[in-house]
There are 2 protein chains.
Amino acid sequence: MSEYEHTCMIRGDGGRAIRTILDRICNKWTLLIVATLDQGSLRFTDLHQQTPGISQRMLTLTLRNLERDGLVSRTVHAEVPPRVEYALTSTGKSLIAPALALAGWAIEHVSDIEASREAYQTRH
Amino acid sequence: MSEYEHTCMIRGDGGRAIRTILDRICNKWTLLIVATLDQGSLRFTDLHQQTPGISQRMLTLTLRNLERDGLVSRTVHAEVPPRVEYALTSTGKSLIAPALALAGWAIEHVSDIEASREAYQTRH
DNA sequence: CAGCATCCGGAGCGATACTG
DNA sequence: CAGTATCGCTCCGGATGCTG
């Protein structure tokens, strides 16, 4: 089987499956949060501190979406002050591998891409 | 080396490298166009017909961005009527592999994610 | 054939202030 | 500590119409 026949996985149903996950991970913070939680369970404030630049609002929204999709578990401990632990589910952990594949590609080609952008800039 | 230490590839520079590529592929059409071009060189109209639902405007914008980033080449043939061929560059082709990894994950887990969404819905 | 110009609605995201 | 509420900006993307 030739290489391009595999790409039916992407085009498959008009891209519905790949869209579902892209809509989840392609926002500004999701992959960063998932990668951070790969260390293990963390509290809201820990995540906030380990994610430079994120607002409380966006951290909350990102975690809610991940919880809703079953990629992150949210555990509330009945204590005062409250303690909430976030952790990757098994589904969430399984996302790490393909995410790393993409990150590897990004690191390998980011300089080429940026060079191409500058060259394009000067041509137009 | 434990698994989670690899995730520095994602968190690395605060996520700049991964952001560069996510900003490119995470829009609605880019991955679909790249997967379609994996068949080989195609004209504007061919791409338009093989990508159900896309508008001329979005096809143009998507192709311009891919060309700008050096993932797609654009060849204008001096004929009447005009003929323009789009093809993946070697950099563009190298994106197929990690994209397939992500698509595979998406296909494998899309039903779990949708089930989790419905369960979350009924809980809230 | 292969596009560009224009208008417009909605979503993403940041800043800020408030709370059980 | 772990959020919620509100405001406002920007950009994506769809619809439509025009052109070398």
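Order of the sequence lines fixes the chain letters, A, B, ..., with proteins taken first and strands second; residue numbering starts at 1 for each chain. On a predicted model such as this, the values are computed, not experimentally measured, just so you know.
When all heavy atoms of B:Ala99 and A:Ile10 are compared, the closest pair comes out as CB-CD1, 3.9 Å. Of all the heavy atoms in A:Pro82 and A:Arg43, the pair that sits closest is O-NH2, 3.5 Å. The minimum heavy-atom distance between A:Gln50 and B:Arg11, with the atom names listed, is O-NH1, 3.1 Å. Considering every non-hydrogen atom in both A:Ala101 and B:Ala101, the closest pair reads CB-CB, 4.4 Å. The two atoms that bring A:Thr91 and B:Trp105 nearest to each other are O-CZ2, 3.6 Å, heavy atoms only.
Here the OG1 atom belonging to B:Thr62 is positioned 8.5 Å from the CH2 atom belonging to B:Trp29, to the nearest 0.5 angstrom. If you take CD1 on B:Ile33 and CG on B:Asp38, they are separated by 13.0 Å, rounding to the nearest 0.5 Å. If you take CG on A:Leu102 and SG on B:Cys26, they are separated by 7.5 Å, rounding to the nearest 0.5 Å.
Residues of residues 62-80 of chain B that place a heavy atom closer than 4.0 Å to DNA chain D do not occur. Within residues 45-57 of chain A, the residues approached by DNA chain C to less than 4.0 Å at the level of any non-hydrogen atom are A:Arg57, in residue-number order.
Rounded to whole angstrom, the span from the NZ atom of A:Lys28 across to the P atom of D:dC12 amounts to 13 Å. For A:Leu59 and D:dA2, the CG to P distance is 10 Å, given to the nearest whole Å. Between B:Asp23 atom CG and D:dC11 atom C1' the separation is 12 Å, expressed in whole Å. Between B:Phe44 atom CZ and D:dG20 atom P the separation is 17 Å, expressed in whole Å. We find that CG of B:Leu22 is positioned 15 Å from P of D:dC12, with the value rounded to whole Å.
With hydrogens and angles disregarded, no donor-acceptor distance shorter than 3.5 Å links the side chain of B:Ser41 to the backbone of B:Glu85.
Judged as a ring pair (Phe, Tyr, Trp, His ring centres under 6.0 Å), and not counting sequence neighbours, B:His77 has no contacts.
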Hey, can you pull the donor-acceptor pairs under 3.5 Å for the side chains in residues 14-24 of chain A, sequence neighbours left out?
| unit_1 | atom_1 | unit_2 | atom_2 | d |
| --- | --- | --- | --- | --- |
| A:Arg16 | NH1 | B:Glu114 | OE2 | 3.0 |
| A:Arg19 | NH1 | A:Asp23 | OD1 | 2.5 |
| A:Arg19 | NH2 | B:Asn27 | O | 3.0 |
| A:Thr20 | OG1 | A:Arg16 | O | 3.0 |
| A:Arg24 | NE | A:Asp69 | OD2 | 2.5 |

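From the 5' end on, the contacts that DNA chain C makes with chain A at under 4.0 Å to a non-hydrogen atom open and close at C:dC13 to C:dG20.
The bend of the helix from C:dC1-D:dG20 to C:dG20-D:dC1, defined by the angle between the axes of its first five and last five pairs, stands at 50° to the nearest 10°.
The aromatic rings of A:Phe44 and A:His48 lie tilted to each other, with the angle between the two planes from 30° to 60°.
Between D:dG3 and A:Tyr86, a contact under 4.0 Å exists linking OP1 or OP2 to a side-chain N or O.
In summary, of the residues considered (B:Leu66, B:Thr75, B:Val72), a side chain to side chain contact (heavy atoms under 4.5 Å, CB included) with B:Tyr86 occurs for B:Val72 alone.
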